[in-house]
Novice: 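Here it is, the structure in full.
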Amino acid sequence: MAPNRQRLHTPLCALLGIDYPILNAPIGTAAGPELAAAVSNAGGLGMIAVSFLDGADAVRQAIRRVRALTDKPFGVNLLLEWPQEERLAACLAEGVALVSLFWGDPAPHVEAIHRAGALLMQSVGGVEEARHAQRAGADVVLAQGWEAGGHVRGEIATMALVPSVVDAVPGLPVVAAGGIADGRGVAAALMLGASGVALGTRFVASSESTVPDMYRDLLVAAGSGDTVFGGTFDIGWPDSNMRTLRNSTMRRWIEAGRPPIGARPGEGDTVARRADGSAIPRYHVTQPAPGLTGELEALALYCGQGVGLIAGVEPAGQIVQGLVREAGALLASARGHLD
Ligand SMILES: Cc1cc2nc3c(=O)[nH]c(=O)nc-3n(C[C@H](O)[C@H](O)[C@H](O)COP(=O)(O)O)c2cc1C
């Protein structure tokens, strides 16, 4: 048994068949099979987000690629903002261990997920949403605090949200997400009653993420106050809030007095193009990804407040090991912090 295994073992580990209760959060196109497999191989649970893959074939290929890189369990994530039946069916036919759903009602999908022998993890931003997920049959709830990078469901910070959700869904393991970027955050989340943690921004800054180096470098240089929460990158996903880095697009918008949609500076500009040549306008929801060209710095650079804790780029497996070591030591010596 690995030295820290017992110290950081939670009921979530037994449920998912993993050594450590550490997940890479779904981070859109930034987490490909290489990143997910590295996290799973290090004893955590790797996740790929398949919402943006082009149809069932692409989903199958991504899952098979993770399988080729690890024989450990891993999860897939789908955003319910868009119809996902076809992608979900492909995931279930491939026999994935865990389906993570976000931004919508899980109820219509629970039966199919369970019939296929998979577990359902529902991401929530509040207590009512967590209760609904439990009633609908979710096996795990991910509580996403307001500090989180990417699309953010609620407006409650992790410190207050996690224990409230833990109390609201007795018997269900809760995974904490939002602002957790080092072993101190992992230990704190477990003390709040979480059974696991999911880190997004920290893994965007890993060697295996698919983002351009420019994005990783900006994350390493950023402080915890360098993110903005709001609905600015609304094109392609309207009426949603997200947390991003204060990049050139955000700075122009802030300097213009945060004008409403339709009156924003540079609205209508093409800032980047996809591999097929199609244009990505300023304020579009797309994050920098392989195959995109243009002014990638001006795209939505999803990023949580924990970014100020990221000191450098590391391989994902090393990140998992460091989190386990640091959190394990802190929890073992927690009394050492008291007088
Ligand atoms: C680049 C990026 C992309 C994201 N894409 C997704 C996604 O596709 N699906 C999803 O459920 N959450 C997505 N999220 C939210 C994360 O799953 C998670 O809740 C968040 O990263 C946790 O906060 P942290 O970044 O402070 O660790 C994304 C977050 C980031 C940073």
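Order of appearance sets the numbers: ligands from 1, and atoms from 1 within every ligand. All figures in this text were calculated on a predicted structure; none of them were measured in a lab.
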Novice: Who's the nearest protein heavy-atom neighbour of atom 30 (C) of ligand 1, and how far?
Specialist: Ile27 CG2, 3.6 Å

Novice: Could you check whether any side-chain heavy atom of Leu245 comes within less than 4.5 Å of a side-chain heavy atom of Leu219, counting everything from C-beta outward?
Specialist: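 When only atoms from C-beta onward are counted, Leu219 and Leu245 do touch, with a gap below 4.5 Å.
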
Novice: How far is atom 26 (O) of ligand 1 from its nearest protein heavy atom, and which residue and atom is that?
Specialist: Gly179 N, 2.8 Å

Novice: Write out the residue and atom name of the closest protein heavy atom to atom 8 (O) of ligand 1, then the distance separating them to 0.1 Å.
Specialist: Gly28 N, 3.3 Å

Novice: When you measure from the heavy atoms of Gly306 to every atom of ligand 1, does any distance fall below 4.0 Å?
Specialist: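 No, Gly306 has no heavy atom closer than 4.0 Å to ligand 1.
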
Novice: Give yes or no for whether the N/O distance cutoff of 3.5 Å, strictly under, is met between Arg202 and ligand 1.
Specialist: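 No: no nitrogen or oxygen of Arg202 is under 3.5 Å from one in ligand 1.
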
Novice: Hey, which atoms in ligand 1 end up nearer than 4.0 Å to a heavy atom of Ala49?
Specialist: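 By the 4.0 Å cutoff, the relevant atoms are 8 (O).
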
Novice: So which atom in Pro106 and which in Ala133 form the shortest heavy-atom distance, rounded to 0.1 Å?
Specialist: CG-CA, 4.5 Å

Novice: When you measure from atom 25 (O) of ligand 1 to every protein heavy atom, which one gives the shortest distance, and what is it?
Specialist: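 Nearest neighbour among protein heavy atoms for atom 25 (O) of ligand 1, to 0.1 Å: Thr201 OG1, 2.6 Å.
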
Novice: Closest by any non-hydrogen atom to atom 9 (N) of ligand 1: pick that one out of Asn77, Val175, Leu78.
Specialist: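 Nearest option to atom 9 (N) of ligand 1, by heavy atoms: Asn77.
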
Novice: With heavy atoms only and a cut-off of under 4.0 Å, state how Ala148 meets ligand 1: side chain, backbone, both or neither.
Specialist: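 For Ala148, backbone and side-chain atoms both sit under 4.0 Å from ligand 1.
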
Novice: Counting only heavy atoms not in Met191, do more than 12 sit closer than 6.0 Å to its CE atom?
Specialist: no

Novice: Below 4.0 angstrom, N of the basic side chain to O of the carboxylate: do Arg243 and Glu147 qualify?
Specialist: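 Salt bridge flag = no for Glu147 with Arg243.
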
Novice: Does ligand 1 have an atom under 4.0 Å from some heavy atom of Trp146?
Specialist: no

Novice: For residues Arg264 and Asp234, determine if any side-chain heavy atom of one lies less than 4.5 Å from a side-chain heavy atom of the other.
Specialist: yes

Novice: Hey, could you give me each pair passing side chain to side chain donor-acceptor pair (under 3.5 Å) that has a residue in residues 282-291? Not counting sequence neighbours.
Specialist: Thr249-Arg282, Asp269-Arg282, His284-Thr286

Novice: How close does the nearest protein non-hydrogen atom get to atom 1 (C) of ligand 1, and which residue and atom is it?
Specialist: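 Minimum-distance protein heavy atom for atom 1 (C) of ligand 1 reads Tyr302 CB, 3.4 Å.
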
Novice: What residue among Gln122, Met121, Gln144 forms side-chain contact (heavy atoms from CB on, under 4.5 Å) with Phe102?
Specialist: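 In the set Gln122, Met121, Gln144, the residue that makes a side-chain contact (heavy atoms from CB on, under 4.5 Å) with Phe102 is Gln144.
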
Novice: Using a strict cut-off of 4.0 Å, indicate which atoms of ligand 1 neighbour a heavy atom of Tyr215.
Specialist: 1 (C)

Novice: Are side-chain heavy atoms of Leu12 and Leu23 found at a separation under 4.5 Å?
Specialist: yes

Novice: Does any N or O atom in Pro26 lie less than 3.5 angstrom from one in ligand 1, N or O only?
Specialist: yes

Novice: Are any of the N/O atoms on Gln287, whether in the backbone or the side chain, positioned under 3.5 angstrom from an N/O atom of ligand 1?
Specialist: no

Novice: When you compare ligand 1 with Leu142, is there at least one nitrogen or oxygen pair between them that comes in under 3.5 angstrom?
Specialist: no

Novice: Any carboxylate oxygen within less than 4.0 angstrom of a Lys/Arg side-chain nitrogen, looking at Asp276 and Arg274?
Specialist: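 No, Asp276 and Arg274 are not salt-bridged.
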
Novice: Do NZ/NE/NH1/NH2 and the carboxylate oxygens of Glu267 and Arg252 come within less than 4.0 Å?
Specialist: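 Arg252 and Glu267: not salt-bridged.
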
Novice: For Leu199, counting its heavy atoms only, list the atoms of ligand 1 lying under 4.0 Å from any of them.
Specialist: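 What qualifies from ligand 1 is 27 (O).
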
Novice: Report yes if some N/O of Phe102 lies less than 3.5 Å from some N/O of ligand 1; otherwise report no.
Specialist: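 There is no such contact.
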
Novice: Measure the distance from atom 19 (O) of ligand 1 to every protein heavy atom, then report the residue, atom name and distance (to 0.1 Å) of the closest one.
Specialist: Gln144 NE2, 3.0 Å

Novice: Regarding atom 29 (C) of ligand 1: of the candidates Gly149, Ala25, Gly200, which has the closest heavy atom?
Specialist: Gly149

Novice: Taking the side chain as C-beta and beyond, is there a heavy-atom pair between Ile113 and Leu101 under 4.5 Å?
Specialist: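 They are in side-chain contact.
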
Novice: Locate the shortest heavy-atom distance separating Ala49 from Pro26; write the atom from each residue and the value.
Specialist: CB-CB, 4.1 Å

Novice: Would you mind running through ligand 1 and noting each atom that sits below 4.0 Å from a heavy atom of Leu79?
Specialist: 8 (O), 9 (N), 10 (C), 11 (O)

